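Quick notes on the structure that follows.
Here the structure is a predicted model, which is why all the values come from computation and not from measurement. Only heavy atoms go into these numbers, but all of them, side chains included; no hydrogens, no water, no symmetry mates.
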Amino acid sequence: MVAGIGNIFLGDDGFGSEVIRRVPEHVAAPGVRIVDYGIRGVHLAYDLLDGCAALVLVDAIPSRGAPGTLHVFAADHESLTAASGLDGHAMDPQAVFATLTALGGTPPDTVVIGCEAASLEEGIGLSDAVEAAVPGAIQAVIDAVADLSARSAVRGG
């Protein structure tokens, strides 16, 4: 599953949704779901309960000085689920995985594609720096899906 998360009404927080909107249709190969969850974290957690071999999560992340910088990394589920409790209103990955765990599920292998945000102020639209990162994020999604699919094929057969 490829999931975009974030709030489109809070500037760069809408990064995940914008990337998902632009991901080419061919990425949705058989067995790959591409979903814009927006702020529906509980929905994502319930969908993960249904079973998912791997997850690519696209989200804005706090800026550490360079808005628009992309980071691609494997999620550390142990620290994410231990650090947060059940919160039906939060949409960050930590809250999603904590909710999933509280519901009795197990987080799948997860690749996070995060972009450092410039602004999370009220308003629709991405900052110039984050908008410029969208094409790179789309390529990162394509690469992550290909990599995860290849690893799944090797494990499965």
Applying salt bridge (Lys or Arg N to Asp or Glu O under 4.0 Å), name anything that partners Arg64, two or more places apart in sequence or on another chain.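 Result, salt bridge (Lys or Arg N to Asp or Glu O under 4.0 Å) vs Arg64: none returned.
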
Partner set under salt bridge (Lys or Arg N to Asp or Glu O under 4.0 Å) for Asp47, not counting sequence neighbours: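 If we apply the salt bridge (Lys or Arg N to Asp or Glu O under 4.0 Å) test to Asp47, skipping adjacent residues, the hits are Arg33.
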
Considering only heavy atoms from C-beta outward, does the side chain of [X] approach that of [Y] to under 4.5 Å?
X: Leu100; Y: Leu49; answer: yes
X: Leu48; Y: Pro107; answer: no
X: Leu44; Y: Leu57; answer: yes

Could you grab the distance from atom CG of Leu70 to atom CD1 of Ile113, nearest 0.5 Å is fine?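 It comes to 8.0 Å.
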
Apply side chain to side chain donor-acceptor pair (under 3.5 Å) to Arg21 and list each qualifying residue two or more places apart in sequence or on a separate chain.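 Residues passing side chain to side chain donor-acceptor pair (under 3.5 Å) with Arg21: Glu18.
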
Just to verify, what does Asp143 make a side chain to side chain donor-acceptor pair (under 3.5 Å) with, not counting sequence neighbours?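 Asp143 satisfies side chain to side chain donor-acceptor pair (under 3.5 Å) with Gln139 only.
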
Residues clustered with Ile61, ILVMFWY side-chain links under 4.5 angstrom: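 Other cluster members: none.
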
Tell me the side chain to side chain donor-acceptor pair (under 3.5 Å) pairs involving residues 1-11, sequence neighbours left out?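 Sorted pair list comes back empty.
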
Check ring-ring contact (aromatic ring centres under 6.0 Å, His included) between His43 and all other residues, then give those that pass, not counting sequence neighbours.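 With neighbours one apart ignored, the set is Tyr37.
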
Could you list all the salt bridge (charged side-chain N to carboxylate O under 4.0 Å, His left out) pairs where at least one residue sits in residues 123-137, not counting sequence neighbours?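 Non-adjacent pairs meeting salt bridge (charged side-chain N to carboxylate O under 4.0 Å, His left out): Arg22-Glu131.
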
Kindly write out the residues that satisfy side-chain contact (heavy atoms from CB on, under 4.5 Å) with Ala66, not counting sequence neighbours, or none if the list is empty.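 Ala66 satisfies side-chain contact (heavy atoms from CB on, under 4.5 Å) with Thr69, Glu116 once adjacent residues are dropped.
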
side-chain contact (heavy atoms from CB on, under 4.5 Å) partners of Thr106, counting only residues at least two apart: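 Partners of Thr106 by the side-chain contact (heavy atoms from CB on, under 4.5 Å) criterion come out as none, since no residue qualifies.
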
Just distance, no hydrogens or angles: give the donor-acceptor pairs under 3.5 Å from side chains in residues 119-127, sequence neighbours left out.
unit_1: Ser119; atom_1: OG; unit_2: Glu121; atom_2: N; d: 3.2
unit_1: Ser127; atom_1: OG; unit_2: Asp12; atom_2: OD1; d: 3.2
unit_1: Ser127; atom_1: OG; unit_2: Asp12; atom_2: OD2; d: 2.9
unit_1: Ser127; atom_1: OG; unit_2: Val130; atom_2: N; d: 3.4

Co-membership, hydrophobic cluster, residues Leu148 and Ile138, 4.5 Å side-chain: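 Yes, same cluster.
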
